[in-house]
Amino acid sequence: MAELTLIEAVRAALARALEDDPSVVVLGEDVGLDGGVFRATDGLWQRFGERRVRDTPLSEAAIAGVAVGLAAQGFRPVAEIQFQGFIHPALDQIANHAARLRNRTRGRLTCPMVLRAPYGAGVHAPEHHSESIEAVFAHIPGLRVVIPSSPARAYGLLLAAIRDPDPVVFFEPKRLYRAGKETVTDDGTALPLDTAFVAREGRDLTLVGWGAALKECREAAETLAGEGVEAEIVDVATLKPYDAETVLGSVRRTGRCVIAHEAPRTGGFGAEIAARVAEDALDVLRAPIRRVTAPDTIPPLPRLEHLYLPSAGQIAQAAREVVAWR
Amino acid sequence: MAELTLIEAVRAALARALEDDPSVVVLGEDVGLDGGVFRATDGLWQRFGERRVRDTPLSEAAIAGVAVGLAAQGFRPVAEIQFQGFIHPALDQIANHAARLRNRTRGRLTCPMVLRAPYGAGVHAPEHHSESIEAVFAHIPGLRVVIPSSPARAYGLLLAAIRDPDPVVFFEPKRLYRAGKETVTDDGTALPLDTAFVAREGRDLTLVGWGAALKECREAAETLAGEGVEAEIVDVATLKPYDAETVLGSVRRTGRCVIAHEAPRTGGFGAEIAARVAEDALDVLRAPIRRVTAPDTIPPLPRLEHLYLPSAGQIAQAAREVVAWR
Amino acid sequence: MAKTPPGTERTVARFEIRARGYLTAEGEPRGALPSFAEDRDQLVRLHAAMTRTRAFDQKAVALQRTGRLGTFASSLGQEAVSVGLAAAMRPEDVLVPSFREQGAQLWRGVRMEELLLYWGGDERGSDFADPAVRQDFPVCVPVGTQYPHAVGVALAFTLRGEARVAVVAGGDGSTSRGDFHEALNMAGVWRLPVVFVINNNQWAISVPLDRQTAAQTLAQKAIGAGLPGEQVDGCDVIAVRDAVGRAVERARAGEGPSLIECVTYRLSDHTTADDATRYREDREVSRHWAGEPLKRLRAHLGRAHGWTKEEEEELRARIHAEVEAAAERYLAIPPQLAASIVAHIHAHLPPDLEAVRARLAEGGDG
Amino acid sequence: MAKTPPGTERTVARFEIRARGYLTAEGEPRGALPSFAEDRDQLVRLHAAMTRTRAFDQKAVALQRTGRLGTFASSLGQEAVSVGLAAAMRPEDVLVPSFREQGAQLWRGVRMEELLLYWGGDERGSDFADPAVRQDFPVCVPVGTQYPHAVGVALAFTLRGEARVAVVAGGDGSTSRGDFHEALNMAGVWRLPVVFVINNNQWAISVPLDRQTAAQTLAQKAIGAGLPGEQVDGCDVIAVRDAVGRAVERARAGEGPSLIECVTYRLSDHTTADDATRYREDREVSRHWAGEPLKRLRAHLGRAHGWTKEEEEELRARIHAEVEAAAERYLAIPPQLAASIVAHIHAHLPPDLEAVRARLAEGGDG
Ligand SMILES: Cc1ncc(C[n+]2csc(CCOP(=O)(O)OP(=O)(O)O)c2C)c(N)n1
Ligand SMILES: Cc1ncc(C[n+]2csc(CCOP(=O)(O)OP(=O)(O)O)c2C)c(N)n1
Ligand SMILES: [Mg+2]
Ligand SMILES: [Mg+2]
């Protein structure tokens with residue numbers, strides 16, 4: 001048991017996986033001696049050697065494609081893409097190969113690989129370093145999409161992702177990498193990969209979010225609590241497969257749903273969540289669903305990124321509106 | 001005025017654009033002498049020359065990236081990606097450059113390019129030839145996403161896309177390429193790029209679809225009409241920017257909404273449409289929203305693809321259920 | 001700072017691309033043959049495999065023309081590439097094909113009816129039954145994406161300390177794809193046991209080689225990754241078998257990756273969906289029939305090893321029967337279960353898909 | 001069939017990579033200099049530009065360290081590359097930079113305060129005011145993605161019949177990206193007026209060159225695309241200016257694209273967010289200070305052209321003042337309007353975004 005930051009929890013999970021399973025191989029740009037630009041792999045190269053913790057050339061497509069080959073051979077590659085904004089060249093290999101290999105071969109070849117990437121804005125990073133494009137991946141059949149929101153979740157979900165027999169993309173909220181510590185028991189216990197978590201209980205409305213946005217959801221819930229409004233927060237840590245039941249269960253109790261995400265609104269994963277509620281829980285909805293998201297624009301450069309990210313204030317305001325509805 | 005198939009309408013629009021505007025350049029694999037694998041560019045090479053109708057090497061990333069460079073110089077490249085399933089390598093250039101150039105430079109450089117690609121299943125094509133991933137593009141800020149559903153729409157929308165000052169992806173329903181003819185007046189008149197079309201009027205429910213799925217929507221509407229149910233069909237030809245008002249207006253009249261698309265359900269663009277209705281027209285909804293889509297799986301190889309595509313029967317059944325609700 | 005010695009200019013690297021060929025277009029040896037090619041049995045095996053590949057292709061095209069197969073890519077005129085490369089591999093090696101290596105797949109143990117099933121539109125065709133090929137990759141349609149897979153497979157071999165080699169194949173067009181270069185480069189850095197075989201059949205659908213690249217050879221594409229590259233006459237199965245064999249054994253010995261360009265010509269349309277008369281002259285095609293690989297080896301076999309007309313006829317009859325029987329088996333394979341469209345997408349189906357599966361299993365639609 | 005003449009083996013292509021350098025690390029000419037380098041004024045201009053680039057970098061790093069700039073990539077030790085390539089271009093040519101070519105950008109007319117604004121986190125920094133650079137591309141962060149843009153720009157020049165050239169720059173790491181190879185190859189097929197300049201500073205963040213590629217030189221990466229590739233001492237601005245100049249003029253004359261590898265060393269951290277002591281020895285860095293480009297040219301200027309200490313001091317003082325004034329201007333630039341986060345995403349804002357824009361313009365949040 002230790003108090004860890006999110007990035008330390010990622011590192012602990014990687015170390016645990018490397019330790020427990022000789023088929024685990026970590027690869028990516030600067031993951032070796034440098035320990036990753038965010039230090040996710042700090043010390044792993046020294047501990048597990050350059051064969052299993054492997055610096056790659058600057059080739060995102062090949063990183064993903066090589067992972068497919070390794071995985072087809074029974075290895076469990078855990079590849080790092082340095083920032084989510086640079087994952088696009090890997091998309092072909094992810095969508096057209098990793099996610100399909102099992103289906104294409106009726107299970108003869110499989111692809112137990114993980115692609116990790118830090119995502120999201122709010123750390124004053126340079127251009128192309130603030131993306132939040134999880135929705136793109138959640139639309140790819142055959143892929144799992146996981147986004148932890150805390151150190152303990154990061155640890156348990158990453159272990160689960162590595163052990164899963166199918167490809168998983170694992171997006172880490174870089175804004176939370178060092179935002180706080182949480183008790184993490186490094187005993188190799190994985191979390192379920194298909195379960196949303198109720199992060200806070202409340203009767204008046206359901207706040208749905210994931211990753212870094214959970215922070216603003218929590219802050220909004222605190223504010224609202226001061227106003228006598230109790231928000232239930234559901235952390236959709238596994239976007240795909242999406243655990244509709246947990247969200248629906250909560251909405252059935254509260255009758256109201258506000259969804260928050262960092263990604264641009266149109267086609268964000270919030271749309272899927274809203275659609276599922278509108279399909280399956282319309283009868284209990286006492287107010288329109290509200291999405292609090294970034295606008296449909298590119299993440300601004302640092303000076304104005306605060307205007308882009310959905311704020312706790314905006315979430316609280318949306319919550320007030322749905323609670324006051326009619 | 002002529003009776004044209006959809007592919008002929010595409011070709012007529014390309015020819016018109018090349019004729020009218022010397023800055024238009026057509027490029028892609030096999031678009032030259034061969035006239036494109038679907039013959040979209042048949043005869044254009046002969047008529048406009050190899051400088052303006054240009055075979056490229058087999059390099060999707062560079063096709064998109066070169067188009068960005070051309071567009072930044074004031075040309076209007078119209079690039080063909082041979083099948084939508086091969087567009088992934090171009091995504092980096094589309095999302096990280098084409099869609100951003102105006103924003104990144106505050107309008108100093110712009111990117112008036114079009115990327116055309118045939119999409120969709122149902123033509124017994126080989127593996128990776130049946131994709132329908134429009135939702136991925138509709139989530140990219142700065143991009144326009146257009147999908148015609150008929151020859152006349154193809155003609156007018158493609159001209160509009162080519163004339164638009166910003167990048168547009170234009171996905172052509174290959175299943176409809178030769179499925180029927182329509183009167184097309186080749187007079188250079190473009191259609192609006194931000195307007196959904198009411199393809200059929202009806203009072204009982206709103207059927208929302210685009211591209212090839214419009215065919216099944218129409219068939220379903222015919223069946224339903226025989227049962228006394230009048231479906232209004234909205235063709236969301238421009239997914240992005242999404243014309244919410246036309247859909248909402250229809251749903252406000254009918255109180256019921258069924259959305260049909262070929263893409264896998266989770267994170268498909270149907271989710272966005274459902275979310276918008278649930279946000280903005282909840283009060284008028286008399287039944288849950290229903291999505292009729294492909295399941296969350298890879299388009300099957302030809303023998304079973306009919307089980308994958310949403311059928312007119314499924315759409316009609318969903319319509320009956322929402323009409324009979326409560 | 002560059003470590004430039006005195007003098008303003010000097011040569012820092014030199015490369016040359018060597019080309020090999022053993023048989024002329026007429027099947028005459030140009031010189032001494034590699035030792036395996038002195039062995040009649042080995043040559044007969046190569047000849048039989050090429051004949052079998054051609055017969056298979058013909059049958060597949062015929063099935064397509066009569067509506068019993070989907071789009072199909074014949075390897076007409078390029079049989080020496082896929083047969084030669086497969087003959088150079090050991091069973092425990094892994095093949096990562098593109099979509100025109102049926103010759104290699106058949107040699108290694110993929111069944112004809114499996115290939116037909118795949119091209120006939122049924123995923124089970126990629127679930128190869130023979131244990132010898134269960135690690136081989138299936139056909140790869142997105143051009144060039146197969147190369148990194150082979151690098152990953154080779155890395156797996158290295159990590160496990162196995163003396164196995166990954167062999168990956170692709171066309172001239174595929175060398176314009178970024179994946180190809182990223183894979184070559186990564187294989188080079190890690191000195192992995194992988195052999196890249198390029199079937200330069202002069203065309204990528206309608207795009208001829210000189211519109212595909214300004215490089216004089218495709219073999220020289222290895223240079224940028226620091227790999228050895230070599231060109232062979234791809235219509236000479238002896239040359240292909242020899243060059244790939246040397247490359248495979250170098251790789252197996254830990255001496256790293258290499259690239260072999262096999263110069264061939266696509267005598268058929270690109271696929272059954274293509275009409276090559278739209279973009280190339282019949283004359284050009286006819287000209288290339290002269291050096292086609294089967295005739296060439298047969299001529300040599302006849303002259304040097306007394307291969308008789310009777311043997312040839314017996315072989316053809318045997319293969320004809322084999323292909324017909326495979327086609328029968330293919331046509332008799334019962335359809336896949338409806339539920340199979342979702343059953344294999346994850347190891348553990350989430351509830352939504354489980355529901356779809358159940359509905360399909362009950363005969364409902366998706 | 002390959003047109004193989006008699007004999008089983010022959011050489012079909014030969015390549016060599018030549019390297020050039022005019023000044024030794026100590027600034028001694030190795031031989032005759034290119035003619036422009038006989039002209040004191042031209043050398044002084046190059047020297048001034050490199051000095052200016054270094055001063056700018058230092059100021060930017062200082063601003064970052066004091067919280068007034070975001071992450072910044074210094075070009076310390078590599079000033080000769082960006083200055084040399086810019087000096088070889090004409091104003092009407094187009095520069096497509098990566099993120100370490102501030103020397104080239106400043107030379108061509110981008111203002112210091114614009115670069116600071118960009119790295120300070122404000123998009124207006126890429127809206128270059130000087131008409132001379134309004135067609136230049138902005139900094140490119142996704143490594144390697146800039147290469148195809150330059151090919152497109154060059155194609156535009158060709159289509160319009162303009163005698164202009166696109167010059168694109170990138171690092172050693174960027175040569176591992178597929179985009180680089182696709183761009184090289186397409187430029188080769190179409191013989192476009194584009195020059196690829198590689199700043200081989202030996203490191204891609206923490207990945208040293210020998211883990212990046214097995215190629216002995218990066219210049220040889222041109223061979224696979226059929227382009228000429230050449231290596232120069234990238235710490236010798238005369239060599240860079242000369243080689244890029246020849247390449248640019250070849251391109252302008254319609255003789256096609258080429259690649260110049262400039263061998264340098266990254267004396268700084270990768271960016272201000274990096275700590276290079278984690279992965280490389282101080283000793284290695286110190287060693288490379290010996291040949292750094294400014295000292296080298298200054299020594300030559302002194303010896304061959306009587307460049308005095310006074311002139312040097314006067315130059316430095318002038319540049320210091322210029323940089324300080326630019327920093328002041330940068331710091332005084334009023335913030336962008338809130339609404340700007342959506343205002344430039346489309347030429348015509350759709351209603352949703354128009355509403356966001358209006359809300360932001362009224363001081364509300366997005
Ligand atoms: C990435 C990608 N782009 C386009 C296609 C469509 N396509 C299929 S084969 C082919 C040409 C391939 O040429 P080459 O690599 O020379 O192989 P060959 O067909 O000649 O064997 C093209 C363009 C594809 N399958 N994948
Ligand atoms: C596609 C992509 N992958 C990763 C990164 C993160 N990154 C930024 S610079 C860099 C190294 C670049 O090395 P090199 O090309 O040698 O240029 P240098 O920084 O040395 O000038 C990396 C990995 C990126 N910006 N883009
Ligand atoms: Mg070919
Ligand atoms: Mg570098």
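So you know, we letter chains A, B, ... as the sequences are listed, proteins then strands, and number each from 1.
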Sort D210(D) into side chain, backbone, both or neither according to what part of it lies under 4.5 angstrom from a heavy atom of chain C.
backbone
Min side-chain heavy-atom separation F15(C)-Q220(D) under 4.5 Å:
yes
NE2 on H181(C) to NZ on K221(D), rounded to 0.5 Å:
10.0 Å
To check you understand the geometry: which heavy-atom pair defines the closest contact between A215(C) and G224(D), and what is its length?
CB-O, 3.4 Å
May I ask you to check whether R20(D) and T8(C) show a side-chain donor-acceptor distance below 3.5 Å?
no
Listed partners of R54(D) passing salt bridge (Lys or Arg N to Asp or Glu O under 4.0 Å), at least two apart
E79(D), E292(D)
Atom group of A13(C) that falls short of 4.5 Å from chain D, counting heavy atoms:
both
Assert top hit (heavy-atom pairs under 4.5 Å, partner chain C, pool G226(D), P293(D), G256(D)) equals G226(D)
If you count heavy-atom pairs within less than 4.5 Å of chain D, which of M186(C), E28(C), R14(C) leads?
R14(C)
Against chain D, label T217(C) side chain, backbone, both or neither, depending on which of its atoms sit under 4.5 Å from a heavy atom there.
side chain
Where does A239(C) contact chain D at under 4.5 Å (heavy atoms): side chain, backbone, both or neither?
neither
Taking every non-hydrogen pair under 4.5 Å, which of T11(D), L218(D), D179(D) racks up the most with chain C?
T11(D)
Chain C contact residues among residues 188-196 of chain D, heavy-atom distance under 4.5 Å:
G188(D), V189(D), W190(D)
At a heavy-atom separation under 4.5 Å, does N200(C) approach chain D through its side chain, its backbone, both, or neither?
neither
On a heavy-atom basis, the closest approach of A225(C) and A214(D) is O-CB, 3.6 Å
Option among Q216(D), R18(D), Q231(D) that satisfies the side-chain contact (heavy atoms from CB on, under 4.5 Å) test with V12(C)
Q231(D)
Looking at I17(D), D236(D), L227(D), which one has more heavy-atom pairs under 4.5 Å with chain C than the rest?
I17(D)
Chain C contact via A32(D) - side chain, backbone, both or neither, heavy atoms under 4.5 Å
backbone
